[in-house]
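Notes to accompany the following structure.
When reading the values below, keep in mind they use all heavy atoms of this one structure, side chains included, and skip hydrogens, waters and symmetry mates. These figures come from a predicted structure and were not determined experimentally.
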Amino acid sequence: TGGHTTEILRLLSCLSESYSPRHYVLADSDKMSEAKIRSFEQKRAETFSKSQFSLDRIPRSREVRQSWISSVLTTLYSILYSLPLTYKRKPDLILCNGPGTCVPVCLSAFLLGLLRIKRTIIVYVESICRVETLSLSGKILYYFSDYFIVQWPDLKKKYPKSVYLGRIV
């Protein structure tokens, strides 16, 4: 909500018209991101006339300060909810940057790849605010992403699979 949305929209602003349609996945309790996305897409449509996007909502996998035990259950529920959505959309690429909502979607896409239904490239960009340690989403998706991008050199040293590109947002 908010910060992660701003970061991902900054990344998307650099993408060409060929990355269309775009399918945004938001937590069902996220009240701010939809307006930001719609505004971004409205501006994008002024430049790219064939620009297409959709918004989908899934149950939030983890609320702030939610207990770890109950987080496992709500995340499993979100994964089950995400499977039909991921199957329906069959994305070629998932670009995500840290909110817990991305974990169920990425794990659903990874599962579809294991089942040989659809291979999706998963690109995870750790938030700019993560200087010394990974976020919980990052710690999970480090093992499932095809590309794991960090924005600080110390994280590259700690996580050798990661790609350090400097500050990209």
Side-chain angles (χ1 to χ4, degrees), residues 1-27 30-58 60-62 64 75 78 82 85-86 89-110 113 118-169:
T1 304
H4 288 297
T5 302
T6 299
E7 284 186 7
I8 201 73
L9 293 177
R10 283 184 188 155
L11 288 171
L12 291 176
S13 68
C14 300
L15 296 180
S16 72
E17 186 177 10
S18 62
Y19 290 92
S20 184
R22 285 165 306 289
H23 304 287
Y24 297 91
V25 179
L26 304 116
D30 184 345
K31 306 297 181 212
M32 296 182 354
S33 296
E34 183 173 348
K36 287 182 177 188
I37 292 166
R38 290 193 182 281
S39 174
F40 170 80
E41 287 293 340
Q42 187 175 21
K43 290 176 189 165
R44 188 172 175 88
E46 293 170 5
T47 306
F48 303 116
S49 59
K50 295 180 183 178
S51 185
Q52 296 178 328
F53 77 99
S54 66
L55 291 165
D56 292 297
R57 292 189 176 270
I58 64 168
R60 188 177 290 272
S61 57
R62 183 172 185 271
V64 176
T75 300
S78 293
S82 298
L85 173 64
T86 308
R89 297 290 185 199
K90 290 186 177 73
D92 295 318
L93 170 77
I94 294 177
L95 176 63
C96 56
N97 69 328
T101 304
C102 70
V103 173
V105 174
C106 290
L107 293 180
S108 297
F110 185 79
K118 171 65 177 169
R119 169 76 170 96
T120 301
I121 296 170
I122 299 172
V123 178
Y124 181 86
V125 180
E126 186 61 272
S127 177
I128 188 75
C129 68
R130 302 308 295 204
V131 177
E132 295 179 5
T133 61
L134 297 180
S135 63
L136 179 58
S137 297
K139 289 175 184 174
I140 295 167
L141 294 177
Y142 181 76
Y143 300 99
F144 296 96
S145 61
D146 296 286
Y147 301 96
F148 190 92
I149 300 168
V150 295
Q151 300 183 62
W152 295 97
D154 286 350
L155 287 177
K156 171 62 181 162
K157 291 175 193 168
K158 289 181 183 177
Y159 299 93
K161 176 191 164 191
S162 67
V163 177
Y164 170 65
L165 298 175
R167 296 172 69 181
I168 60 174
V169 296

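Formation of a donor-acceptor pair under 3.5 Å by the Lys36 side chain with backbone atoms of Phe40 is not found in this model. Between the side chain of Asn97 and the backbone N or O of His4, at least one donor-acceptor pair lies under 3.5 Å. Distance alone, capped at 3.5 Å, is enough to place a donor-acceptor pair between the Ser13 side chain and the Arg10 backbone. Distance alone, capped at 3.5 Å, is enough to place a donor-acceptor pair between the Thr86 side chain and the Ser82 backbone. In terms of modelled atom types and a separation under 3.5 Å, the side chain of Thr75 and the main chain of Ser61 share a donor-acceptor contact. In this structure a side-chain-to-backbone donor-acceptor pair under 3.5 Å is missing from Ser127 to Arg130. Checked by atom type and distance alone, the side chain of Arg22 never pairs as donor or acceptor with a backbone atom of Phe53 at under 3.5 Å.
Note that OH of Tyr142 is 6.0 Å distant from OG of Ser162, once rounded to the nearest 0.5 Å. Taking CZ of Arg60 as the start and CD1 of Ile58 as the end, the distance is 9.5 Å to the nearest 0.5 Å. To the nearest 0.5 Å, atoms CD1 (Ile121) and CD1 (Ile94) are separated by 10.5 Å. In this structure, the separation between OH on Tyr124 and OG on Ser137 is 5.0 Å, given to the nearest 0.5 Å. Atom SG of Cys14 is separated from atom CG of Leu9 by 11.5 Å, given to the nearest 0.5 angstrom. Taking NZ of Lys43 as the reference point, atom CZ of Arg38 lies at 15.0 Å (rounded to 0.5 Å).
Ionic pairing of Lys158 and Glu132 is not present here: no N-O contact between side-chain nitrogen and carboxylate oxygen is shorter than 4.0 angstrom. Salt bridge annotation for Arg119-Asp146: present, with a cationic side-chain nitrogen under 4.0 angstrom from a carboxylate oxygen. The residues Asp30 and Arg57 are annotated as not salt-bridged, no charged nitrogen and carboxylate oxygen being separated by less than 4.0 angstrom. Using a 4.0 Å cut-off between a side-chain N of Lys or Arg and a carboxylate O of Asp or Glu, Glu17 and Arg44 do not qualify as a salt bridge.
Taking a 6.0 Å sphere around NZ of Lys50, one finds it holds 12 or fewer heavy atoms contributed by other residues, nucleotides or ligands.
Here the side chains of Leu12 and Leu95 are in contact, with some heavy-atom distance below 4.5 Å. Between Cys106 and Cys96 there is a side-chain heavy-atom pair separated by less than 4.5 Å. Side-chain contact between Leu141 and Val103: present, with at least one pair of heavy atoms (C-beta onward) separated by less than 4.5 Å. The shortest distance between side-chain heavy atoms of Val25 and Leu85 falls below 4.5 Å.
Summarising the geometry of Leu15 relative to Tyr19, their closest heavy-atom pair is CB-CD1, 3.8 Å, with the distance given to 0.1 Å. The shortest heavy-atom contact between Ser51 and Glu41 is OG-OE1, 3.4 Å. Contact detail for Val105 and Thr101: the closest heavy-atom pair is CG2-O, 3.6 Å.
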Kindly list each side-chain donor-acceptor pair under 3.5 angstrom involving residues 147-155, sequence neighbours excluded, with atom names and distances?
residue : atom : partner : partner atom : Å
Gln151  : OE1  : Ile168  : N            : 3.1
Gln151  : OE1  : Val169  : N            : 3.4
Gln151  : NE2  : Glu126  : O            : 2.8
Trp152  : NE1  : Ile128  : O            : 2.6

